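As a basis for the values below, the full set of heavy atoms in this structure was taken, side chains included, without hydrogen atoms, waters or symmetry mates. No experiment lies behind these values; they were computed from the predicted model shown.
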Amino acid sequence: MAASSSLLHLPSFPSPPLLGSRIFFIPRPCPCPCPCLSSTPPLWFPSSSSTNNNKPKLSLTPPTPLKSSLPLRPTPNLRLHAVSTGFRDAAPSLEDEDAQVLVGPASEEERSGERVVADYDWTEEWYPLYLTNDVPDDAPLGLTVFDKQLVLYRDGDGLLRCYEDRCPHRLAKLSEGQLIDGRLECLYHGWQFEGEGKCVKIPQLPADAKIPRSACVKTYEVRDSQGVVWVWMSLKTPPNFSKIPWFENFARPGFQDTSTTHELPYDHSILLENLMDPAHIPISHDRTDWTAKREDAQPLCFQVTERTDRGFAGWWGKEKDESLPNFLRFEAPCVLQNNREIIDKNGVKHYFTGLFLCRPTGQGKSMLIVRFGGTMRSPLAKVFPKWYFHQNASKVFEQDMGFLSSQNEVLIREKVPTKQLYLSLRSSDTWVAEYRKWMDKVGHGMPYHFGHSTISLPKEPAVVEHAPAGLVARVSASSPAKGGVGTMHAPNWANRYFRHVIHCKGCRNAVKAFEAWKNGLFALAAALTALAILASARQWKVILLAAATACFGGVYVCSTAIAMNTTNFVRTHRRL
């Protein structure tokens, strides 16, 4: 998507793409001339090397003398398999010309029509809720995971708390409430909650009455890890802390990243397959930031090196390249990362990562945390403010929004698995096919899913809110009020302010600052113009009018900056 990996196109990295990002990697010799890939793929073995925080990891032993130190962290109790490549897996019939270019069966089970099912419960997973730095200190935040509504806030001690977003009294949303002395207060009748969901105040109770034990809220376990707040969704099974994702590169000395959050109007599975689709970048994001060019659209090579019950991993690159420099890993429930390495002219190894943390937020909705970073940064990254990169990321998502939303509509309307709808090419769609086949194995453990050969449609009707609760209270309560019609603050999935700025402290502050400067400069320009009219000396008229012109120029600059942060990209359809 947009962003697909794409994404963010940070100029802070040397150059080429990490699923769209611009990052260089250490060359990895291709096992054999592309597009054919060796039938002897890399194998994964436990590594005895130490890792940060004593976290376990897997190291890659490629079928060549060159060794890669790309960080690979396994999930406990995984079944690791050595598998053949995405190309060799699907041996096409000579009688079927289409089979020469389309993705085919990837395993003996699939060839024989057997369905492989893995144990999976969507609640027994950690989901990315929010960037830690963007969680407000003085207001509750309403969030969702699938159809479960949550409220996240910091208590009086600064600890993160997460409850079911529903007051036990009359079901009002607690995310519409406020914080009073570190307690979360429902704004309907003033009931207050703290700690592990205990109700500590009911104003309507007599002074000598005890608060009922049942007047408490359900709580969810949350953890802050590497700058992201994660939530464990099961209320029955104790949290499995070993399942919290750990990203080795983000723990390396000198690693810096640019992170953004975006709400998007389509299913999380559509978002994920878009993020793992490098083939669309030259077309969809043509010249977005001088890197993607439609004339660069070309066949790609993929090598699947791991398939497990929790995801898959492998290498990919351009057909014309001598290596597959990009390493992609998808891990349940919704983590996608691309890693590269580069050795500079001094022999120093640098690490780069494009990380995508996707959270399902309901039917036809998702929230994405995008994190691009590395141990080496371009000087340009120090010149441009962060809000510039954030608005560029928003532009990339908007470029894909129209066709991804329509794709979501077709899947719901057709009610058949993607195998019957997609024409997946080996030279572009290998990761997409792998992802949908993974959904076949675990979809039974999700509220709904769209798999390669299976499908389970949503059973709960979609809920559309005209004024979604708990965006950020300090903003929601400001003028114009939340839900205001005809303003950039109006809740609208197609509105950049609503999809990103409302969730980003940095961009909100930037917009407020530009608005203040614009208003101040406009007032000053008006005053200078009035003085110029009243002045009798010609030279004073010239000086005052010149100063007023400069102020009006400043107003224009501020207005442009505000528009860059709040106005959607509109594609200009042109004849090529």
Side-chain angles (χ1 to χ4, degrees), residues 123 126-127 129-130 132 134-224 229-239 359 361-362 367 460-461 463-484 489 491 502-503:
T123 66
W126 292 92
Y127 291 84
L129 275 184
Y130 224 61
T132 307
D134 287 333
V135 176
D137 297 321
D138 58 356
L141 185 64
L143 303 167
T144 60
V145 178
F146 280 113
D147 61 343
K148 301 298 183 182
Q149 297 178 330
L150 312 177
V151 57
L152 178 70
Y153 77 99
R154 292 185 185 276
D155 64 15
D157 297 322
L159 299 177
L160 291 167
R161 302 287 185 180
C162 186
Y163 303 154
E164 181 180 33
D165 195 6
R166 185 169 70 184
C167 180
H169 178 213
R170 297 267 286 280
L171 311 182
K173 282 193 171 184
L174 294 174
S175 57
E176 289 282 11
Q178 59 187 342
L179 299 184
I180 304 293
D181 297 327
R183 300 172 176 176
L184 178 57
E185 180 183 85
C186 176
L187 273 183
Y188 199 178
H189 294 90
W191 290 29
Q192 293 183 1
F193 306 88
E194 67 178 8
E196 298 301 319
K198 180 181 178 181
C199 182
V200 294
K201 182 178 180 180
I202 298 180
Q204 294 78 22
L205 279 181
D208 58 346
K210 291 185 178 181
I211 296 177
R213 292 183 180 180
S214 57
C216 59
V217 292
K218 296 179 181 178
T219 63
Y220 292 86
E221 192 75 31
V222 290
R223 283 293 184 274
D224 177 1
V229 180
W230 299 82
V231 61
W232 177 261
M233 288 305 298
S234 178
L235 294 174
K236 300 178 181 179
T237 306
R359 170 163 51 86
T361 58
M367 176 173 277
E460 298 292 331
V463 176
V464 178
E465 301 179 72
H466 294 287
L471 295 177
V472 176
R474 73 175 80 179
V475 175
S476 300
S478 64
S479 179
K482 179 178 59 179
H489 302 274
I502 198 75
H503 297 291

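Between F193 and P168, the closest side-chain pair of non-hydrogen atoms falls below 4.5 Å. With a 4.5 Å cut-off on side-chain heavy atoms, T123 and V145 do not count as touching.
To the nearest 0.5 Å, atoms CG (L235) and CD (E221) are separated by 11.0 Å. For the atom pair D224 CG and L129 CG, the distance stands at 11.0 Å (nearest 0.5 Å). Between the CD atom in Q149 and the NZ atom in K173 there is a gap of 4.0 Å [rounded to 0.5 Å]. With rounding to the nearest 0.5 angstrom, the OH atom of Y220 is 10.5 Å from the CG atom of D165. In this structure, E164 CD and C216 SG are separated by 10.5 Å, a value rounded to the nearest 0.5 Å. Interatomic distance, CE of M367 versus OG1 of T144, reported as 7.5 Å (0.5 Å rounding).
Partners of R161 by side chain to side chain contact (heavy atoms under 4.5 Å, CB included), not counting sequence neighbours, listed by chain and number: Y153, D155, L159, Y163, E196. Under the side chain to side chain donor-acceptor pair (under 3.5 Å) criterion, Y127 pairs with no residue, sequence neighbours left out. Judged as a side chain to side chain contact (heavy atoms under 4.5 Å, CB included), and not counting sequence neighbours, the contacts of R154 are T132, V135, D137, L160. Partners of H169 by ring pair (Phe, Tyr, Trp, His ring centres under 6.0 Å), not counting sequence neighbours, listed by chain and number: H189, W191. Considering only residues two or more places apart in sequence or on other chains, I211 meets the side chain to side chain contact (heavy atoms under 4.5 Å, CB included) condition with C199, I202, L205, A215.
Of all the heavy atoms in C162 and L152, the pair that sits closest is CB-CD1, 4.3 Å. When all heavy atoms of W126 and R223 are compared, the pair lying nearest together is CH2-CG, 4.0 Å. The minimum heavy-atom distance between L141 and S175, with the atom names listed, is C-CB, 4.2 Å. For the pair P140 and Q178, the tightest heavy-atom approach, listed with the atom from each and the gap, is CD-CA, 4.2 Å.
The salt bridge (Lys or Arg N to Asp or Glu O under 4.0 Å) pairs that include a residue from residues 205-219 number zero, where partners must be two or more places apart or lie in different chains.
Using a 30° and 60° split on the angle between ring planes, Y130 and H503 fall in the perpendicular class, above 60°.
With respect to L174, the side chain to side chain contact (heavy atoms under 4.5 Å, CB included) criterion is satisfied by exactly one of L150, V217, L187: V217.
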Intermediate values then yes/no, side chain to side chain contact (heavy atoms under 4.5 Å, CB included), L143 and R359: CA-CA 10 Å; L143 303 167; R359 170 163 51 86; 3.8 Å; yes

